[in-house]
Amino acid sequence: MNSDHSNALFQRATRCTPGGVNSPVRAWKAVGAAPRFIASAYQAYVQDEDGNRYIDYVGAFGPAILGHAEPRVVSAVADQARSGFSYGAPTRLEVELAELICAVVPIAQKLRLQASGTEAGMTALRIARAATGRRMIVKFDGCYHGHSDSLLVRAGSGAMTLGVPDSPGVPPELAQLTLVATYNDYASVERCFDQHPGEIAAIIVEPVAANMGVVKPRGNFLQQLSALAHRNGALLICDEVITGFRLRFGAAYELYGAEPDLIMLGKIIGGGNPIGAVAGRAELMDLLAPAGAVYQAGTLSGSPLSVRAGLETLKILAADGTYERLEAAGAYLESGFLSALTASGVVGCVNRVGSLLTLFLGVGEVGNAVQAQRADRERFARFFRAMLKRGIFLPPSQFEALFISLAHRREDLQRTVEAAMESLLESGSI
Ligand SMILES: *Cc1c(COP(=O)(O)O)cnc(C)c1O
């Protein structure tokens, strides 16, 4: 497999961009390879600058639930582009997207569109702090909520992959306001409230963690968090940037009996274009300017191109049987990977919810970030490279989820399982 063009581009990129990429995980550092530069993508495939085609499980890190370049979404965006990109004035499209989301997410009485999930996290915290008059927040080790200062503490995703648990440049005074609890460990959250009575504005959580690899909430963990927050006058923020419209048509918190006050959305609702959103109870949302005094703004907030792509994507997802198909594809891959583990004698486990899946190598069970960190990253790196060679494009870190799309056909999944079988065997030898 030739990668001359990618390698040459990466060299040029490192001269003009820090680390050669515009988001850290894309550099493939954790898997000991130089990144492939992607020239195009369609359906379940990406194609690199050297003309190699891969079955894609990065899925743009979440948005590409329909697969790439879905024709209806492409023509909606092209149509929108002919009417101008952005106006600095409200549009009908924004009303339609807000109405659609508010109709299917019970706690979303109002919604504010933004340009990224990071902004949604910043804004949700600002609302929570303003509403409660408190300063502290509780987040979970290994959960990622974007790269804003308050939330970049023991974050998952690239921060975990690169071993940058606490970024330089985040003032300690601010980081101190962020308490870190252990996912799936209710007692660790209770301790935060015991130690800081009356000071915690909100708990923020991914209802299904997907940035330390996929980790499911156990038992009634999310229900307990809701009750604890509310008993103590704090808010619960569910970060649904990945899980929203990924696990069902709407928010995932309902699957687990959580009662958030605010949710964050992003990724899928922009149909592959930049987007983020905060939604929640009307009296909280109305704290935002110009209804209230909490300031938040954005030149490209609710960009017509993003909103049009998102609306079209959601229309397609709303069809009957969509989530059943995603579940079936996920289940197929899970059982194939499990068989491959057994057949190869490699220790590992598969964590999966619907079309989100992580194959952890070297560990038998992962329920939190400490357990995730015990995974065998070296073996994962070898596995990743062996899969790449066989035309399978995995997320380049042990701590990212595979994203399955509606475009993945049975034969794509079959080829992936066959490749996994061979790659696991190969990953044992160096
Ligand atoms: C991707 C992600 C974000 C941040 O969204 P961006 O659009 O990358 O800023 C926030 N929360 C979760 C759970 C995410 O996966």
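We count ligands from 1, going down the list as the structure has it; atoms in each ligand are counted the same way. Numbers for residues simply follow the sequence, beginning at 1.
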**Message:** Please give me the minimum heavy-atom distance between Ile263 and Ala251, naming the atom from each residue.
**Reply:** CD1-CB, 4.3 Å
**Request:** Could you tell me whether Arg218 and Glu365 have a side-chain N and a carboxylate O separated by less than 4.0 Å?
**Result:** yes
**Asked** Hey, do the aromatic rings of Tyr183 and Phe221 have their centres closer than 6.0 Å?
**Response** yes
Short N or O separations between ligand 1 and the protein, below 3.5 Å:
residue  : atom   : partner : partner atom : Å
ligand 1 : 5 (O)  : Gly117  : N            : 3.4
ligand 1 : 7 (O)  : Gly117  : N            : 2.9
ligand 1 : 9 (O)  : Gly117  : N            : 3.3
ligand 1 : 9 (O)  : Thr118  : N            : 2.8
ligand 1 : 9 (O)  : Thr118  : OG1          : 2.7
ligand 1 : 11 (N) : Tyr144  : O            : 3.3
ligand 1 : 11 (N) : Asp239  : OD1          : 3.3
ligand 1 : 11 (N) : Asp239  : OD2          : 2.6
ligand 1 : 15 (O) : Asn211  : ND2          : 3.2
ligand 1 : 15 (O) : Lys267  : NZ           : 2.7

**Message:** Taking CD in Gln296 as the centre, count heavy atoms belonging to other residues, nucleotides or ligands within less than 6.0 Å. Is the count above 12?
**Reply:** yes
**Prompt:** Got more than 12 heavy atoms from elsewhere within 6.0 Å of NE2, His5?
**Reply:** no
**Prompt:** With Arg409, which residues qualify under side chain to side chain contact (heavy atoms under 4.5 Å, CB included), at least two apart?
**Reply:** Tyr45, Glu411, Asp412
